[in-house]
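Positions are given from 1, in the same order as the sequence printed here. Please read these numbers as outputs of a predicted model, since none were measured by experiment.
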Amino acid sequence: MPMQNKTPISIDVSISLTALTTAINTDMTRQCFVTKNVDFLSGNRYRIVSSSDDILNITNAGSSLYYALNTFFGTNPRPSEIVVARVFEADQAAYLAGGNVDLASLQSVSDGAFKISVDDEERVLSALNFAGSSTLAEVANVLNTAMTAYATVSAVNATLLVQSKTTGSTSTIGFAESTAGEEDEQTDVSAMLGLTEATGGQIFQGYVHGSIAEEAQHIADALQSGNAFCFGWTMDADFRDTPEQFEFAEWIKARSYRAQAALVSNSVASYSATSTSDLGAKCLAANMLNVACFYDDNPQSFPDIEYLAKAQAVDYNAADSTINMKYQTADTPAVNFPNITTDLAVLENKKINTITGYIGQNINIFRPGCNSHAFWYTDMWMDVCNFIAEVEIAALNVFLRNNKITYTSEGQNKFLSAISEICEKYVTNNAYADRIIADKTTQNGLGLSPAYTLDIQALENVTAAQRTAREGTPITIYLNPTNAMNTIAINIYEQ
């Protein structure tokens, strides 16, 4: 495990949403596409893809990943980038991915030497003759001859990749080092080969692959370490209708407001009123408040990617920017049903999304725009998760921008002021709004429930234990979502 020097914000800023207790990062725009069908060569867990021009650099035309990425880059609006993350299906070998190779200098070396640790054993290489090696492949051949018992070396673009011949937790590797000071000293080529830390080398130790939940957690950890946090999650087509898909959904649920997933089933059991074993039925039974299930009849369609791309493209800084996911137009083709009216009713009862058109209209929409939960629609969930992320940072900044926050009205008001700014922002973007309610105490029988209310513990109720532990006075935020009309009845009377 690498040494760590950063802690989650949740250590100092604790936010709760009903029964949820886990803090969240602030970048909410990235979607992570999980796949088995990619190889980044150097053992990397993920790659950020920011242009459709990059698609053929990581996959072949006609692959499921090819269709998935084309769906993302064909969506408008969408975030600027998507992450492709790899699930390992087998134990992995340790790698040393080198930096740039100084081929010109190597060509004059006929007595090269360096040392390197592979599988916890120091290996000393000497008498390496690179004279006449005009290509990186020829350099790799020299190294393969010398390291054949314990490692393989490949030329990758302008770099070298050194891989242990073992796999799993005992497969280890280190950076190349000079043999200076040792008997029969020869020319140090460790830096010329780009295999040192100083020349940009990177180490990826061996790895024991695990369940899909364990693999997903390793992906999330790698993203976190690389400052590439992903809020949205989707899966490749070969996970559809497998036990792994539901296990992944359970992992997503446990991430609470750190995640929103969209998962697709191609099973016709989705629109069976009696089926309880299909993806949507199982997710609804498990109250997966942050998972949107889809039914699609085409294994090569990725409505989940388009759906999340549109949801994550919302600009929460803009006025009236929040959306109703049901009426977002879809470029993904509409789904065919044996009996669309009956089948759609079943899907909506099971909280499963799909894509349909309208008779006489060239428009496809997502419907009904829900998560696998009796209460949460996807847009509502996205709104509150973005709100939480901003409140978290606003509260953290109160700590960072002040010498100290005291147990006084002034101290409390610093938090209330910072949080109120975020609340007002989410009133402006139309996520939350005042609500007209019945009120018998008023003349017209109506009252107003405000868009948000902040409630903070009274100072006289602060306990000695709180002061000793330096726990702040808790703040409760009550929100009134704007909600959205999904249907309407219009009565017409002719007189």
Side-chain angles (χ1 to χ4, degrees), residues 31-38 49 52 55-56 58-79 82-85 232-242 244-246 248-249 252 260-272 275 278-281 283 291-313 325-340 343-344 346-348 350-358 361-372 378:
Q31 176 182 157
C32 181
F33 181 74
V34 177
T35 180
K36 307 171 187 176
N37 304 311
V38 70
V49 185
S52 58
I55 295 175
L56 292 178
I58 62 173
T59 191
N60 297 319
S63 69
S64 57
L65 178 56
Y66 175 84
Y67 290 121
L69 291 177
N70 272 289
T71 297
F72 178 81
F73 287 106
T75 300
N76 184 35
R78 61 167 172 80
I82 185 171
V83 171
V84 176
W233 293 79
T234 48
M235 301 186 85
D236 209 342
D238 53 4
F239 285 109
R240 294 178 184 176
D241 304 307
T242 66
E244 287 181 307
Q245 187 183 37
F246 183 71
F248 181 79
I252 289 289
Q260 167 69 49
L263 303 176
V264 180
S265 170
N266 295 132
S267 171
V268 295
S270 298
Y271 55 83
S272 166
S275 171
D278 59 280
L279 175 68
C283 285
V291 175
C293 290
F294 271 82
Y295 168 70
D296 199 293
D297 58 348
N298 185 351
Q300 293 182 337
S301 285
F302 287 90
D304 48 341
I305 289 180
E306 184 181 7
Y307 186 75
L308 280 194
K310 287 181 179 288
Q312 292 185 270
M325 285 306 300
K326 177 175 179 178
Y327 290 103
Q328 300 307 300
T329 56
D331 291 325
T332 303
V335 177
N336 296 302
F337 293 95
N339 186 327
I340 191 166
D343 298 338
L344 281 183
V346 173
L347 288 177
E348 295 208 13
K350 295 168 76 171
K351 301 293 183 181
I352 299 173
N353 300 283
T354 192
I355 296 176
T356 63
Y358 288 106
Q361 302 293 325
N362 189 26
I363 298 171
N364 293 336
I365 64 165
F366 300 102
R367 60 186 311 146
C370 62
N371 283 354
S372 293
T378 306

Taking side chain as C-beta onward, heavy atoms only, is Leu65 less than 4.5 Å from Asn37? no

Between Cys293 and Gly280, the two heavy atoms sitting closest are SG-CA, 4.0 Å

So how far is it from Asp343 CG to Asn336 CG, rounded to the nearest 0.5 Å? 11.0 Å

Heavy-atom pair of closest approach, residues Ala309 and Pro79: O-CD, 3.3 Å

Could you work out, with side chain to side chain donor-acceptor pair (under 3.5 Å) as the rule, every residue matching Ser272, not counting sequence neighbours? Thr274

Minimum heavy-atom distance Leu308-Gly232, with the two atoms named: CD1-CA, 3.9 Å

So which heavy atom on Asp241 is nearest to which on Ser265, and how close? OD1-OG, 2.5 Å

If you compare all heavy atoms of Thr378 against all heavy atoms of Ala292, which two are closest, and at what distance to 0.1 Å? OG1-CB, 3.9 Å

Are the side chains of Phe239 and Leu263 in touch, meaning some heavy atoms are under 4.5 Å apart? no

Does a side-chain heavy-atom distance below 4.5 Å link Leu69 with Ile58? yes

Donor-acceptor contacts under 3.5 Å from residues 361-370 side chains, at least two apart:
none

Would you kindly say whether Gln31 and Thr234 are connected by a side-chain donor-acceptor distance under 3.5 Å? yes

Results of salt bridge (charged side-chain N to carboxylate O under 4.0 Å, His left out) for Lys350 - residues two or more places apart only: Asp278

Take Asn266 and Asp296, measure what side-chain contact (heavy atoms from CB on, under 4.5 Å) needs, and give me the verdict at the end. CA-CA 5 Å; Asn266 295 132; Asp296 199 293; 4.2 Å; yes

Nearest heavy-atom approach of Phe302 to Met235 is CE2-O, 4.1 Å

Partner residues of Phe337 under the ring-ring contact (aromatic ring centres under 6.0 Å, His included) criterion, sequence neighbours left out: Tyr271, Tyr295

Holding to side chain to side chain donor-acceptor pair (under 3.5 Å), I want the full list of residues that pass it with Thr35, two or more places apart in sequence or in another chain. Asp236

Evaluate the criterion side-chain contact (heavy atoms from CB on, under 4.5 Å) for residue pair Phe294 and Ser270; output intermediate values, then yes/no. CA-CA 9 Å; Phe294 271 82; Ser270 298; over 6 Å; no

Within-4.5 Å side-chain heavy-atom neighbours: Ser267 and Leu279: no

NZ of Lys310 to CG of Asp331: how many Å apart, nearest 0.5 Å? 6.0 Å

Do the side chains of Gln328 and Tyr307 get nearer than 4.5 Å, heavy atoms only? no

Hey, what do you get for CG (Asn353) to CE (Met325), rounding to the nearest 0.5 Å? 8.5 Å

Can you sort out the partners of Lys351 under salt bridge (charged side-chain N to carboxylate O under 4.0 Å, His left out), two or more places apart, ordered by chain and number? none

Sidechain-backbone polar pair: Gln245 side chain, Val264 backbone, donor-acceptor under 3.5 Å: yes

Hey, could you give me the OG1/CD distance between Thr332 and Gln300, rounded to the nearest 0.5 Å? 12.5 Å

So, taking the atom named SG in Cys283 and the one named CD1 in Ile252, what distance separates them when rounded to the nearest 0.5 Å? 10.5 Å

Rounded to the nearest 0.5 Å, what separates atom OH in Tyr66 from atom OG1 in Thr71? 10.5 Å

After noting the C-alpha distance and the side-chain angles of Thr75 and Ile305, does the key distance pass the side-chain contact (heavy atoms from CB on, under 4.5 Å) rule? CA-CA 9 Å; Thr75 300; Ile305 289 180; 5.6 Å; no

